[in-house]
Amino acid sequence: MMLYNFLTAVVTIGVLIFIAIYNTSFISVVTLGGTVLGSTVIALGTALWAVLLQKLGPDEKLGFMLEGGGYGCIIAGTTVLLPGWMMNPGVSTLLFFLLLCVIVAVIIDYTLREEQ
C-alpha cells in the first residue's frame with residue numbers, strides 16, 4: 001500500500017465528515033475548530049483501522065462486519081470523548097450514522113484497494 005493512497009483516504013474522509021457534521025444537526029459541535037479536530041480524528045482512525053484489517057486479512061463477511069463496526073465505534077467514540085460534541089438521539093440520527101459508516105467504507109475500499 002502506498003502512502004499516497006492512505007493520505008488520499010484520510011483527506012477525503014475528513015472532508016466528507018466535516019461537511020456532514022457542519023451541514024446537519026445530527027451531531028452538534030460547539031466550535032468550528034472542534035469540527036475540524038473531530039473530522040481529522042475520525043478520518044485518521046478509520047484509515048488506520050482499514051490498514052489494520054487489510055494486514056490481518058479476515059474473510060469477506062467477517063471483514064465487512066469488523067469494518068462497519070470499527071467505523072461506527074470510531075465515530076461514536078469521537079463524539080463521546082471530544083468536549084462540545086453531542087449526538088442527538090433519534091431514528092434519523094441512527095440512519096445518518098449508518099449511512100456515514102457505509103460511505104466511509106466505500107471510500108476506504110476505493111482508495112486503499114490493493115492492485116491485483
Side-chain angles (χ1 to χ4, degrees):
M1 182 188 71
M2 295 180 357
L3 183 61
Y4 175 77
N5 291 344
F6 179 78
L7 293 176
T8 301
V10 169
V11 170
T12 306
I13 293 169
V15 169
L16 171 82
I17 298 290
F18 177 82
I19 290 171
I21 291 171
Y22 190 74
N23 290 323
T24 62
S25 63
F26 298 114
I27 298 175
S28 302
V29 182
V30 176
T31 63
L32 182 63
T35 308
V36 171
L37 175 66
S39 300
T40 305
V41 167
I42 291 170
L44 191 59
T46 54
L48 287 173
W49 181 247
V51 169
L52 179 68
L53 285 179
Q54 246 180 9
K55 297 297 179 188
L56 293 177
D59 65 338
E60 189 174 333
K61 289 182 183 180
L62 178 63
F64 181 72
M65 289 188 294
L66 288 173
E67 196 173 344
Y71 299 155
C73 289
I74 290 168
I75 294 171
T78 303
T79 304
V80 169
L81 294 176
L82 284 181
W85 279 56
M86 187 180 76
M87 190 177 290
N88 301 322
V91 174
S92 58
T93 301
L94 179 64
L95 293 175
F96 170 75
F97 188 71
L98 291 173
L99 180 66
L100 199 58
C101 288
V102 168
I103 291 172
V104 167
V106 168
I107 291 171
I108 288 288
D109 185 47
Y110 182 72
T111 56
L112 294 182
R113 185 181 322 144
E114 295 284 329
E115 280 90 27
Q116 298 179 14

message: Using 0.5 Å steps for rounding, measure from the OG atom of Ser39 to the CG atom of Leu16.
response: 9.0 Å
query: Looking only at heavy atoms, which two atoms of Thr93 and Met87 are closest? And how far apart?
result: CG2-CG, 3.5 Å
message: Within the 4.5 Å heavy-atom criterion, are Val104 and Ile17 side-chain neighbours or not?
response: yes
message: Count I, L, V, M, F, W, Y as connected when their side-chain heavy atoms are under 4.5 Å apart, and connections chain through other members. Are Leu62 and Tyr71 then in the same cluster?
response: yes
field: Val29: which of Leu82, Thr35, Val36, Leu37 passes side chain to side chain contact (heavy atoms under 4.5 Å, CB included)
entry: Thr35
query: If every non-hydrogen atom of Ser28 is compared with every non-hydrogen atom of Ser25, which pair is closest and at what distance?
result: OG-O, 4.2 Å
- prompt: Can Leu56 be reached from Met65 by stepping across I, L, V, M, F, W or Y side chains whose heavy atoms are under 4.5 Å apart?
  reply: yes
message: Restricting to non-hydrogen atoms, name the atom on Ala47 and the atom on Phe6 that form the minimum distance, rounded to 0.1 Å.
response: CB-CE1, 3.4 Å
- prompt: Looking at Leu94, Leu100, Leu99, Leu98, which one forms a side chain to side chain contact (heavy atoms under 4.5 Å, CB included) with Phe96?
  reply: Leu100
Heavy-atom side-chain proximity of Leu32 to Phe18 below 4.5 angstrom: yes
task: Give the minimum heavy-atom separation between Met86 and Thr79, together with the two atoms involved.
output: C-CG2, 4.2 Å
query: Same cluster for Trp85 and Tyr22 if Ile/Leu/Val/Met/Phe/Trp/Tyr side chains link at under 4.5 Å?
result: no
field: Nearest heavy atoms of Cys101 and Gly68, plus distance in Å
entry: SG-O, 4.4 Å
message: To the nearest 0.5 Å, what is the distance between CG on Leu44 and CG on Leu7?
response: 9.5 Å
- prompt: Got a second to check how far Ile27's CD1 is from Ile75's CD1, nearest 0.5 Å?
  reply: 7.0 Å
- request: With rounding to the nearest 0.5 Å, note down the distance linking CG in Leu95 to CZ in Phe26.
  value: 8.5 Å
query: Is there a side-chain contact between Tyr110 and Thr12, using heavy atoms and a 4.5 Å cut-off?
result: no
- line: Distance col, row Thr24:OG1 vs Asn88:CG, nearest 0.5 angstrom, shows 9.0 Å
message: I need the Thr111 OG1 to Ile13 CD1 distance, nearest 0.5 Å.
response: 6.0 Å
